[in-house]
Amino acid sequence: MKSLSFWRAVLLAILISVVSAVCHSLLSKLIGTSTSLRLCVLGAALIYVWAMLAHGPKRSGRVLAALAWLGLALALLAFNPPLLVWLLLQTGFIWLLRALQSYASLIPAGADALLSVFALAAGIATAQHTHSLFLALWSFFLVQALIAFVPVRTSSVAVNAANNDFEASLRNAEAALRRLSL
């Protein structure tokens, strides 16, 4: 399955921003602004991680990745560090998951890391200037959507192994066909 395209990531950004803003406006009256904001950050990250796992190129390791995110979320809830730590850890987890799923070398993974840091900076700057959770999340996930333009490189070893396997299978099939025709 292919990774999230730019336009799908933009639609996902709109969905996450709207859902989180509505949940924050409802929850902040019940449990307070600070706790509501932290829960909305977890909810937004959950939706994004779920989408990444659903559209990720690798099928293996999804359950382990989901359990790792759950462990991170439980640790954040248990220790309740400052909001900036919540944002840094969630962004770092998203980057790490994407890097492990998609990149075979350090160059695209580094470009992804820089784009993730820029996305976090854009989200924080937007939140400070507008005081709007919707716009902050929209800015963050809109910059995250640019990840679709980072080239995904496959390992040359895996490509060569696949070509060698195909060539061996082709030779075996041709030999079997010759034996049947005689």
Side-chain angles (χ1 to χ4, degrees), residues 1-17 20 40-76 81-129 135-170:
M1 197 173 276
K2 194 172 180 331
S3 296
L4 279 174
S5 68
F6 175 74
W7 293 110
R8 283 188 182 197
V10 168
L11 290 175
L12 183 63
I14 292 171
L15 174 77
I16 290 172
S17 301
S20 296
C40 288
V41 166
L42 280 182
L46 173 66
I47 294 170
Y48 194 75
V49 167
W50 176 75
M52 281 179 22
L53 291 174
H55 290 94
K58 291 189 179 178
R59 311 285 296 165
S60 63
R62 289 182 181 189
V63 173
L64 182 61
L67 288 174
W69 181 85
L70 183 63
L72 175 64
L74 290 174
L76 287 172
L83 184 61
L84 182 61
V85 174
W86 285 63
L87 297 173
L88 286 170
L89 289 176
Q90 290 295 333
T91 303
F93 184 84
I94 288 170
W95 166 77
L96 183 62
L97 180 60
R98 198 170 33 233
L100 291 173
Q101 275 189 336
S102 301
Y103 307 126
S105 72
L106 291 177
I107 294 172
D112 189 336
L114 288 175
L115 209 49
S116 293
V117 168
F118 182 68
L120 184 60
I124 290 172
T126 303
Q128 288 177 341
H129 289 290
L135 290 177
L137 288 173
W138 167 249
S139 299
F140 176 79
F141 287 113
L142 188 61
V143 175
Q144 287 283 338
L146 295 173
I147 298 297
F149 299 113
V150 173
V152 176
R153 294 187 193 173
T154 57
S155 173
S156 60
V157 173
V159 171
N160 288 338
N163 287 341
N164 290 342
D165 289 345
F166 176 77
E167 289 172 4
S169 297
L170 179 63

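Note that the structure is predicted; figures quoted are calculated from it, not measured.
In Phe118, the CZ atom is not crowded: 12 or fewer heavy atoms of neighbouring residues, nucleotides or ligands sit closer than 6.0 Å. Residue Leu170 qualifies as enclosed at atom CG: its count of foreign heavy atoms under 6.0 Å is above 12.
In this structure, CZ in Phe93 is found 8.5 Å from CH2 in Trp69, a value given to the nearest 0.5 Å. Here the CD atom belonging to Gln101 is positioned 10.5 Å from the CG atom belonging to Leu96, to the nearest 0.5 angstrom. The CD atom of Gln144 sits 10.5 Å away from the CG atom of Leu12 when rounded to the nearest 0.5 Å. Here Phe141 contributes atom CZ and Leu15 contributes atom CG; the two are 10.0 Å apart, rounded to the nearest 0.5 Å. Atoms OG1 and CZ, from Thr91 and Phe140 in turn, are 3.5 Å apart once rounded to the nearest 0.5 Å. Of the inter-residue distances, the one linking Ile147 atom CD1 with Ser102 atom OG reads 9.5 Å to the nearest 0.5 angstrom.
Under the 3.5 Å distance criterion, the side-chain polar atoms of Trp95 are matched with a main-chain donor or acceptor of Ala109. Side chain of Trp86 to backbone of Pro81: a donor-acceptor contact under 3.5 angstrom is found.
Nearest heavy-atom pair across Val143 and Leu115 is CG1-O, 3.8 Å. Tyr48 approaches Arg98 most closely through the heavy-atom pair OH-NH1, 3.1 Å. Across all non-hydrogen atoms, the minimal contact from Ile16 to Leu137 is O-CD1, 4.4 Å. When all heavy atoms of Ser20 and Cys40 are compared, the pair lying nearest together is O-SG, 3.5 Å. Considering all non-hydrogen atoms of both residues, Trp138 and Ser17 come closest at N-OG, 3.1 Å. Of all heavy-atom pairs between Ala73 and Leu42, the closest is CB-CD2, 3.9 Å.
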Task: Evaluation steps, side chain to side chain contact (heavy atoms under 4.5 Å, CB included), between Trp7 and Leu11 - done: CA-CA 6 Å; Trp7 293 110; Leu11 290 175; 5.8 Å; no
TODO: For the pair Leu84 and Ile124, evaluate side chain to side chain contact (heavy atoms under 4.5 Å, CB included) and give the outcome as yes or no after the intermediate values.
DONE: CA-CA 9 Å; Leu84 182 61; Ile124 290 172; 3.8 Å; yes
